[in-house]
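All values derive from a computational prediction rather than experimental measurement.
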Amino acid sequence: QRQQGERAGRRMAAAYDTPAHDDFFFRGGSNAVLFVHGFPGSPAQLHPIAEVLHSDGWTAQGILMPGSGRDISRLSSLSGTEWRSTIQTTVADLSAKYERVLVVAYSMGAAMTCASLSPNDVDGLVLIAPYQWKESLLDRITWTFFRPMMPDFYRPFRKSDLSDPDVRAQLAKYFPEDHLDTPEGQQDIRSIALPLRMIATLRTTVRSAYGSKWEGSQVPILMIQGAEDTIVDPRRSRSLAQRWGGLTRYEEIAGDHLIVETTSPAFPSVLSNVCTFARERAIAKPMAGPSIQAGEQ
């Protein structure tokens with residue numbers, strides 16, 4: 001099973017081993033926007049939005065988060081510190097060079113961004129389908145009291161219906177389509193195992209992401225949520241926006257979790273909202289300055 005899981009991991013990394021999934025940097029004017037992709041995606045998820053903002057005059061940078069894309073083989077050894085440091089350092093570097101800095105973050109990237117930064121670090125924040133850790137009281141009790149007795153690895157696709165079109169559409173991003181149709185390929189996918197210590201790190205990071213530091217914040221925040229999203233519950237996003245208050249703006253649009261994809265009917269609405277927000281921020285007075293320093297952990 002370990003060998004099968006490692007083989008599947010290599011196939012996932014190979015699927016991302018193209019220039020389309022690399023970091024990107026489009027030099028523009030005196031304002032900059034950082035793009036933080038979801039898990040386990042790549043900068044390609046937000047590349048189309050970056051191109052449009054660049055055409056509007058923004059300098060646009062997309063970073064590959066550690067343990068994602070072609071770096072996915074390192075996922076099991078990462079800590080929350082490395083994720084936070086990557087975002088903090090990049091924002092600090094941009095703030096030292098550009099008049100205004102926005103961050104556009106998607107899904108798990110939104111949680112990582114909020115866990116890493118404080119309101120004074122940016123001039124605006126766009127959270128698209130912001131991932132929140134969803135667990136019941138029983139889940140919380142299990143993590144608290146029974147963690148030592150839990151298995152070392154979690155296999156997310158062990159019971160997945162690989163004939164389901166939605167499941168196949170997701171997996172097709174990481175595996176060749178013919179891999180989904182062979183017994184060996186399907187066994188590889190079912191054998192993918194994520195270390196529970198890594199799941200625990202994600203849980204800790206995401207659960208602390210949307211804390212009180214953002215409540216009543218005077219940094220403008222745009223939250224965009226798909227009404228039919230089954231991964232991020234719209235009710236939780238609505239509640240988060242309400243709790244934060246301040247200058248938080250909430251937009252709920254028709255669409256599922258994949259609203260950042262250009263093939264999604266919701267994409268034009270996402271793009272319109274992001275561009276309008278960015279144009280508003282481009283003419284607003286810059287924030288006083290970042291509270292983080294490059295490399296701060």
Side-chain angles (χ1 to χ4, degrees), residues 12 15-16 18-26 32-56 58 60-65 67-69 72 83 86-87 90 102-114 122 124-132 165-174 206 209-210 221-234 236-238 240-241 248-279 281:
M12 288 183 72
Y16 284 110
T18 67
H21 296 288
D22 288 346
D23 296 342
F24 60 79
F25 185 85
F26 306 143
V33 55
L34 173 66
F35 292 87
V36 184
H37 63 79
F39 173 86
S42 78
Q45 288 180 319
L46 298 172
H47 195 281
I49 299 177
E51 287 184 320
V52 175
L53 287 190
H54 178 243
S55 69
D56 266 2
W58 289 81
Q61 181 172 3
I63 53 173
L64 177 65
M65 291 293 288
S68 295
I72 201 164
W83 290 320
T86 298
I87 295 173
T90 308
L102 304 186
V103 178
V104 175
Y106 170 60
S107 192
M108 186 72 77
M112 295 297 179
T113 296
C114 291
V122 292
L125 191 60
V126 178
L127 306 178
I128 305 173
Y131 185 80
Q132 297 184 58
D166 291 336
V167 174
R168 291 177 66 87
Q170 287 295 316
L171 291 174
K173 299 176 184 177
Y174 316 120
V206 175
Y210 307 106
I221 299 171
L222 171 63
M223 198 178 297
I224 306 175
Q225 174 66 49
E228 291 83 41
D229 195 332
T230 58
I231 295 176
V232 176
D233 189 335
R236 294 172 68 85
S237 292
R238 274 184 239 127
L240 177 62
T248 301
R249 182 190 311 172
Y250 180 77
E251 295 289 342
E252 190 168 308
I253 60 178
D256 57 17
H257 192 64
L258 303 179
I259 55 177
V260 295
E261 296 192 353
T262 55
T263 55
S264 168
F267 180 75
S269 181
V270 172
L271 187 60
S272 174
N273 275 285
V274 174
C275 288
T276 298
F277 181 82
R279 288 165 187 153
R281 300 313 307 147

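Residues Cys114 and Leu125 are in side-chain contact: their nearest non-hydrogen atoms beyond the backbone lie under 4.5 Å apart. The closest side-chain heavy-atom distance from Leu64 to His21 is not below 4.5 Å. Side-chain atoms of Ser269 and Asn273, non-hydrogen and from C-beta on, do get closer than 4.5 Å to each other. In this structure, the side chains of Ile49 and Ile128 come closer than 4.5 Å at one or more pairs of heavy atoms. Residues Pro130 and Gln225 meet the side-chain proximity criterion, which asks for heavy atoms closer than 4.5 Å.
Partner His257 forms a ring pair (Phe, Tyr, Trp, His ring centres under 6.0 Å) with one of Tyr131, Tyr106, Phe39 and no other, that one being Tyr106.
Here the straight-line distance linking atom OG of Ser107 with atom CE of Met112 works out to 10.0 Å at 0.5 Å rounding. Between atom OG of residue Ser42 and atom CG of residue Asp22 there is a gap of 8.5 Å, rounded to the nearest 0.5 Å. The line from CG of Asp256 to CD of Glu261 is 8.0 Å long, rounded to the nearest 0.5 Å. Atom CE of Met223 is separated from atom OH of Tyr250 by 8.0 Å, given to the nearest 0.5 angstrom. Here Leu127 contributes atom CG and Ile221 contributes atom CD1; the two are 6.5 Å apart, rounded to the nearest 0.5 Å. Trp58 CH2 to Cys275 SG: the interatomic distance, rounded to the nearest 0.5 Å, is 10.5 Å.
The nearest pair of heavy atoms linking Pro48 to Ala44 is CD-O, 3.6 Å. Minimum heavy-atom separation, Glu252 to Arg238: OE1-NE, 2.8 Å. Closest approach of Ile259 and Ala266 over heavy atoms only: CG2-CB, 3.6 Å. In plain terms, the two heavy atoms of Asp229 and Ile231 that are nearest each other are OD1-N, 2.8 Å.
Between Phe26 and His54, the angle of the ring planes lies from 30° to 60°, which puts this pair in the tilted group. Between Phe35 and Phe24, the ring planes lie tilted relative to each other; the angle falls in the 30° to 60° range.
A donor-acceptor pair under 3.5 Å is formed between the side chain of Thr276 and the backbone N or O of Ser272.
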